[in-house]
Number of protein chains: 2
Amino acid sequence: MSDRPIVHHIPVCPFSQRLEILLALRGQPNAVEFRVVDITKPRDPALLAKTRGTTALPVLETVQGRILKESLVILRYLDETLEGQTLRRTDPAEHAVESLLIANEGPFTAAGYRYVMNQDRGQRSHFRDKLLEQYRALDAFLVHENPDGTWLFDDFGLAEAVFTPMFERFWFLDYYEGFELPDGGEYDRVRRWRDACMAHPAAQQVSEEQIVKVYYDYALGAGNGSLLPGRSVSSFAFTPHWQDRPWPPRDKYAGSASDRELGLVD
Amino acid sequence: MSDRPIVHHIPVCPFSQRLEILLALRGQPNAVEFRVVDITKPRDPALLAKTRGTTALPVLETVQGRILKESLVILRYLDETLEGQTLRRTDPAEHAVESLLIANEGPFTAAGYRYVMNQDRGQRSHFRDKLLEQYRALDAFLVHENPDGTWLFDDFGLAEAVFTPMFERFWFLDYYEGFELPDGGEYDRVRRWRDACMAHPAAQQVSEEQIVKVYYDYALGAGNGSLLPGRSVSSFAFTPHWQDRPWPPRDKYAGSASDRELGLVD
């Protein structure tokens, strides 16, 4: 039995980064023990037994051995149990408001991932429109709750911890789809929020270069460490380290670069 | 300004019944003011302005005039703000476990509603299988957490308040689809839970007769108060009162009974 909770995770996973952001904000980076899972290899049977067959990460084991899943459930659990002031708003109505904003994260995440994984050049504007719809919904919410501010309330909070890892993952859209938030009033409020979220000192666990390189296979339509035809190493592999690989080609619709071109084999 | 929160709702709505169950359990049925919305009529523009265009119910207005949506968000808000012991588990890990079970409610609800609204006789076993899959998932969860008990923990709690209204709505499946949970071990634990939930004194806001009559139009494929061809009155209409109407025909695949046959006009 461990003296602190164990989090099984993939280091670059946005759902895990939420927890890392919380720990950073609370100044307790070592309050949990992170154990790295290599999703390009078969899952350890001992971990699979603990999760009763599911493979989604992160997974938290409490000190008592209880298994908790679902990034948002784990985030709220740690927020309640870590020492110090919670990240969630103390006021119940304000907490309800942040929960309502957080309820948008599923559709927002899905829109971005479907867009990056799309392999049909003719569908690019369709997926772009779907993502912009999500950004407009966030903008309208923020304009209603806090029109002149930067954050949902007065500082980086629970909703920011939930969304920031997705804003950072969507660097893959900037690179592989040339995506930018359009100019214009209907995006100004969410742009201000997003930019502040990504610049926050507690949210610097990943870089654009890392995301672009590691998520290359997603841009080619292969998620969760699965292998593309003609390739023998996933872009999610731990070695060679992403810093030692070249930037991948931007044109995802031209087919996969080779393992060698991607710096995945010598 | 009201001296207590206002909940705009449809009396028979399962998402609102969760709140009524909470109020009943806490012995504070009048802690909120319920205002009835007739979904068979155009929405009041004043309410539509408050909800900024969305029509989903229930909606809660706090004493300060803040608008909260989403049944689960409102349920948690009331649980935190009503006087007395919260319904949620106090222990953070136990609360995480109930939140994980609650995360099943979306797919569970969707499976039951798709099944009742299906109009293709050839797809009946498909929709039945999809719902049974959801029941097995609940069963496995309960077996893992509390194999010998009745509830998720030791009494009717937050997860029970979330699921019970759905168990009761699914009376429409018993009636219109002849649905029963099959005998057999893989349903025993969830059957025990479901039966106890539905029998609980705090969860008696609706009856099988009421659900079967009011949800007739759902069984014919028309949701949310919309009108079927050849019909001029929705089964969700407040008058004639459901108690004054006959039981509808069970065979939903034979086409809609008339307003008169349903007792909706004299």
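Convention: sequence-line order gives letters A, B, ...; per-chain numbering from 1.
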(request) Measure the spacing between CD1 of A/Ile67 and CG of B/Leu100 and express it to the nearest 0.5 Å. (result) 11.0 Å
Show me, pair by pair, the donor and acceptor atoms from chain A and chain B that are under 3.5 Å apart.
from	atom 1	to	atom 2	distance (Å)
A/Arg52	NH2	B/His144	ND1	3.4
A/Arg66	NH1	B/Glu145	OE1	3.2
A/Glu80	OE1	B/Arg88	NH2	3.0
A/Glu80	OE2	B/Arg88	NH1	2.6
A/Glu80	OE2	B/Arg88	NH2	3.2
A/Arg88	NH1	B/Glu80	OE2	2.6
A/Arg88	NH2	B/Glu80	OE1	3.1
A/Arg88	NH2	B/Glu80	OE2	3.2
A/His144	ND1	B/Arg52	NH2	3.3
A/Glu145	OE1	B/Arg66	NH1	3.2

(message) Please classify the contact of B/Ala103 with chain A as side chain, backbone, both or neither, using a heavy-atom distance under 4.5 Å.
(response)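 For B/Ala103, neither part sits under 4.5 Å from chain A.
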(request) Could you tell me which non-hydrogen atom of B/Ala93 sits nearest to which non-hydrogen atom of A/Leu68, and how far apart they are? (result) O-CD2, 4.1 Å
